Visitor: 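Attaching a single structure in structure tokens format; questions to follow.
Here is how names work: the chains are called A, B, and so on, in the same order as the sequence lines, proteins then strands, and each is numbered from 1. All values reported here derive from a predicted model rather than from experimental measurement.
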Amino acid sequence: MTTAVDVAGQVDLRKRSFLQRYPMVRRLLRHKAFVVGAGLFLVISLVAIFADLIAPSDPSRMAVRFRFRPPSAEHWFGTDNLGRSQLSRIVYGARLSLGIGLAVVIMNAVFGVALGAASGYFKRLDNILMRVTDALMAFPPVLLALGIAAALGPSSLTAAIALAAVYIPRTARIVRASVLVVREMEFVQAAMAMGAGNFRILRKHVLPNCLAPLIVQLTFVFAFAVVTEATLSFLGLGSPPPTPTWGNMIAEGRQYIRDAAWITLIPGIALALTVLSLNLLGDGLRDVLDPRLKIAQD
Amino acid sequence: MGRYIVARLIQSIPVLILVSVMSFGIMKLVPGDPAILIGGPTATPAELDVIRANLGLDRPFHIQMWKFYVGLVQGDLGNSLLLGKPVLEATIERVPVSLSIALYSMVLTLGFGIACGVVAALNRNGWVDQGAMIFALLGVSIPNFWLGLMFIILFSVHLGWLPTGGYVPWQESIGGWFATATMPAVSLALLQIGLLARITRSTMLEVLRQDYIRTARAKGLPEFVVIGKHAFKNVMIPVITVIGIIFSVLLSGSLVIESVFSVPGVGSLLGSAVLRRDYPMIQGGLLLVAWSLLMLNILVDVLYAYFDPRVRYDHGR
């Protein structure tokens with residue numbers, strides 16, 4: 001009889017659906033803002049990944065005959081001053097924007113976590129590292145990014161490095177704050193008492209418990225990185241012109257704002273939608289993963 | 001209070017020094033020879049030597065750094081390559097322009113942000129509340145330079161109400177100043193209003209739950225006294241801390257907004273310095289902006305300690 005119960009219990013466990021096993025996912029799917037943000041972001045990511053298939057023509061192919069065509073059935077997003085297809089340029093711009101955003105997020109995850117963990121865990125390093133982050137955070141973000149981009153010369157790589165330098169101190173701060181809390185918890189103290197090495201404690205016990213605020217922060221870093229990259233290219237310090245970036249497109253369209261406003265309008269909408277999707281995603285993740293923040297807000 | 005201010009100033013010294021090191025160091029990030037970048041491909045070796053000598057690039061690193069700090073102590077940040085005048089002078093000349101727009105924008109942000117926040121908290125889930133939430137979300141999502149361009153399309157090109165750009169000092173003509181400063185100030189402020197409204201709203205809701213509010217109501221005080229006197233003062237405490245952040249964001253934003261509206265302020269000065277590789281200007285500009293922001297933050301902290309004495313005591317411990 002006992003075996004039957006056991007078997008029944010096991011069967012029961014296996015029958016639980018994916019959503020029952022991961023209540024976090026279920027709560028995320030119930031969060032309206034998250035679902036909208038995630039859906040929108042998924043669509044934009046797919047556009048970026050399959051840019052070659054979606055774009056009707058080469059983004060740098062000029063067709064003087066078709067200059068300044070307003071949006072129509074033939075040219076969905078119109079054409080620009082050189083007769084290039086705006087749709088193609090938007091689609092390839094998405095690839096660049098998201099690519100740089102992702103690079104900045106990865107650099108933030110690596111260096112932000114390393115610095116934040118070192119600072120929160122090793123008290124001797126804390127004072128020095130935090131003064132350095134204070135100093136870096138004293139510069140307005142766009143200004144610091146501009147300064148670095150100006151020194152290194154305009155390119156996509158430069159933009160990514162400059163943006164990472166701007167946001168790593170902010171990520172490090174957030175990781176440090178949670179490491180400070182977690183390192184005082186009993187299970188960490190127990191691991192220390194058992195003689196576990198510092199690196200092992202950080203990797204196995206401390207950092208996994210700091211993931212929630214980190215994930216939320218990285219989503220917002222992604223959003224900031226996309227906006228600031230566009231700002232850099234708008235000012236002429238991102239990837240240099242024939243490369244289609246949303247910032248470049250807005251800057252080029254600016255001269256024709258009187259007669260061909262769509263050249264400026266459409267890339268801006270693409271940009272705002274991307275950032276909006278990331279912000280919605282971040283808000284949802286914050287509400288679900290880090291409910292304390294939600295309470296503090298309401 | 002005096003002790004608190006002194007302690008706060010002493011604390012800021014290492015950060016001020018680090019900021020100066022970073023501003024100096026940024027020019028050292030330039031790959032290769034900055035003289036070639038400044039002189040361009042057509043510069044002769046003799047011209048390059050002149051550029052190097054002017055910037056002190058022909059000297060060893062430690063001498064360059066020493067000269068930078070000696071100059072800094074004397075208030076000399078070097079000469080702008082483009083304008084041919086001292087960096088400090090060029091920056092200070094343009095401060096009133098940027099400051100007047102930043103303050104205009106700040107007034108709009110504080111006025112509308114706090115008002116919307118209070119109304120949103122009092123009518124929770126009402127239309128102002130929902131509106132403030134959507135506004136805050138759009139505020140962090142719409143790039144301000146693009147918003148500025150959209151304003152130009154709407155208000156200058158289509159409606160013809162305001163000029164597309166430029167700047168008229170308020171000393172010359174108040175009307176002209178309003179006409180030129182309004183679009184830049186609004187495009188900077190609009191995005192901050194929603195955020196400030198959210199913060200004010202959540203603080204207001206927090207405060208309204210407190211016992212002293214219940215006591216005030218129990219005493220039979222009219223609702224506007226409860227809100228206006230008892231609640232509002234306490235709502236202002238966290239709002240003051242955000243002012244520093246908002247100002248920093250406004251300043252950062254003005255960099256781009258000034259170039260969108262061709263406003264001759266500090267932002268557009270630094271913007272053109274960055275594009276034309278005017279290194280002394282970039283270096284000095286970064287330093288001056290960061291230092292002023294640090295000072296502003298100290299001022300905000302001091303104000304905070306003044307309004308909320310608990311901060312001072314915590315600090316002393």
Visitor: Among A:G147, A:A150, A:A33, A:G236, single out the residue with the greatest number of heavy-atom pairs under 4.5 Å to chain B.
Guide: A:A150

Visitor: For chain A, find which of B:V15, B:L270, B:L287, B:N144 contributes the most heavy-atom pairs closer than 4.5 angstrom.
Guide: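 Top count of heavy-atom pairs under 4.5 Å with chain A: B:V15.
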
Visitor: Hey, mind stepping through A:T264 and B:M150 against side chain to side chain contact (heavy atoms under 4.5 Å, CB included) and telling me if it holds?
Guide: CA-CA 8 Å; A:T264 317; B:M150 293 303 108; 4.1 Å; yes

Visitor: Could you tell me which of A:D134, A:N279, A:L273, A:L271 has the largest number of non-hydrogen atom pairs under 4.5 Å with chain B?
Guide: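 Among A:D134, A:N279, A:L273, A:L271, the one with the most close pairs to chain B is A:N279.
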
Visitor: Of the non-hydrogen atoms in B:L149 and A:F234, which two are nearest, and what is the gap between them?
Guide: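 Closest approach of B:L149 to A:F234: CD1-CE1, 4.0 Å.
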
Visitor: Crowded around A:F224 CZ? As in, over 12 foreign heavy atoms under 6.0 Å?
Guide: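 Result for CZ/A:F224: open.
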
Visitor: Quick check for you: to the nearest 0.5 Å, what is the distance between B:S141 atom OG and A:L280 atom CG?
Guide: 7.0 Å

Visitor: Can you find a pair of side-chain heavy atoms, one from A:P140 and one from B:V289, that are under 4.5 Å apart?
Guide: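 The answer is yes, as the side chains (C-beta and beyond) meet within the 4.5 Å cut-off.
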
Visitor: Locate the shortest heavy-atom distance separating A:L146 from B:V274; write the atom from each residue and the value.
Guide: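 Shortest heavy-atom separation between A:L146 and B:V274 comes out as O-CG1, 3.9 Å.
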
Visitor: Under a 4.5 Å cutoff for heavy-atom pairs, which residue among A:L278, A:V142, A:T228 has the most contacts with chain B?
Guide: A:V142

Visitor: Would you compute the distance between atom CG of A:L143 and atom CD1 of B:I282 and round it to the nearest 0.5 angstrom?
Guide: 9.5 Å

Visitor: Under the side chain to side chain contact (heavy atoms under 4.5 Å, CB included) rule, what do B:W146 and A:I269 come out as? Steps first, then yes or no, please.
Guide: CA-CA 9 Å; B:W146 182 71; A:I269 294 174; 3.8 Å; yes

Visitor: Tell me which of these, A:G268, A:S277, A:A251, A:A272, has more heavy-atom pairs under 4.5 Å with chain B than the rest.
Guide: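 The answer is A:G268.
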
Visitor: What distance do B:L293 atom CG and A:M137 atom CE have between them, rounded to the nearest 0.5 Å?
Guide: 12.0 Å

Visitor: Please check if the number of heavy atoms outside A:F111 that lie under 6.0 Å from its CZ is greater than 12.
Guide: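 No, CZ of A:F111 has 12 or fewer neighbouring heavy atoms, counting only those of other groups under 6.0 Å.
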
Visitor: Please name the pair of heavy atoms, one in B:V19 and one in A:A135, separated by the smallest distance, quoted to 0.1 Å.
Guide: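 Looking at all heavy atoms of both residues, the shortest contact is CG2-O, 3.7 Å.
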
Visitor: Side chain from CB out, backbone as N, CA, C, O: work out which of these in A:A230 comes under 4.5 Å of a heavy atom of chain B, or both, or neither.
Guide: both

Visitor: Rounded to the nearest 0.5 Å, how far does CG of B:L137 lie from CG of A:D283?
Guide: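 The CG atom of A:D283 sits 6.0 Å away from the CG atom of B:L137.
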
Visitor: Examine whether an atom of B:L286 lies under 4.5 Å from a heavy atom of chain A, and if so say whether it belongs to the side chain, the backbone or both; otherwise answer neither.
Guide: both

Visitor: Working to the nearest 0.5 Å, report the span between CZ of A:R254 and OG of B:S259.
Guide: 5.5 Å

Visitor: Please flag which part of B:V260 lies under 4.5 Å from any non-hydrogen atom of chain A: side chain, backbone, both or neither.
Guide: both

Visitor: Which one wins on heavy-atom pair count under 4.5 Å against chain B: A:I148, A:V227, A:L265, A:V132?
Guide: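 Max contact count across the listed options: A:L265.
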
